[in-house]
Amino acid sequence: NMTLDLTPAPVLQELIDDLETKICKLTTELAIAHSENAPRYLTYGIEKQLDILESVLERVDSQQELMNLKQNSINLN
């Protein structure tokens with residue numbers, strides 16, 4: 001018995017994955033910078049990048065959810 005999943009892949013999933021990967025890398029960089037007592041301007045810069053990426057990720061996630069809801073409502077009609 002073969003089952004086919006015909007639900008479309010989330011349109012923004014590649015972007016979401018890229019953002020999550022970048023956030024993970026920067027989080028690691030930040031931890032290393034802290035452990036090496038890096039200058040404050042360096043850790044501050046990484047923290048600001050993380051803030052921006054997390055904000056963008058939140059917006060992209062929300063947009064994908066909205067697209068999913070619209071698609072589901074179209075499928076129900």
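What you see below is based on every heavy atom in this structure, not just the backbone, and it leaves out hydrogens, waters and symmetry mates.
Residue pairs that meet the salt bridge (Lys or Arg N to Asp or Glu O under 4.0 Å) test with at least one member in residues 16-34, sequence neighbours left out, do not exist here. Within the structure, salt bridge (Lys or Arg N to Asp or Glu O under 4.0 Å) pairs that include any residue of residues 51-62 comprise K48-D51 (at least two apart or interchain).
Grouping the Ile, Leu, Val, Met, Phe, Trp and Tyr side chains by contacts below 4.5 angstrom, directly or via other members, places I46 apart from I32. By the rule that hydrophobic residues join a cluster once side-chain heavy atoms approach within less than 4.5 Å of another member, I16 and M67 end up as members of one cluster. Hydrophobic clustering, with ILVMFWY side chains joined whenever heavy atoms are under 4.5 angstrom apart, keeps L69 apart from V60.
To the nearest 0.5 Å, atoms CG (L42) and CG (L30) are separated by 9.0 Å. Between the SG atom in C24 and the CG atom in L19 there is a gap of 11.0 Å [rounded to 0.5 Å].
With sequence neighbours excluded, the residues forming a side chain to side chain contact (heavy atoms under 4.5 Å, CB included) with T27 are I23, L50, listed by chain and number. Under the side chain to side chain contact (heavy atoms under 4.5 Å, CB included) criterion, E65 pairs with no residue, sequence neighbours left out. Under the rule for a side chain to side chain contact (heavy atoms under 4.5 Å, CB included), the partners of L66 that lie at least two apart in sequence or sit in another chain are Q63, K70. For R40, the side chain to side chain contact (heavy atoms under 4.5 Å, CB included) criterion is met by T43, Y44, E47, not counting sequence neighbours.
Of all heavy-atom pairs between L12 and Q64, the closest is N-OE1, 2.8 Å.
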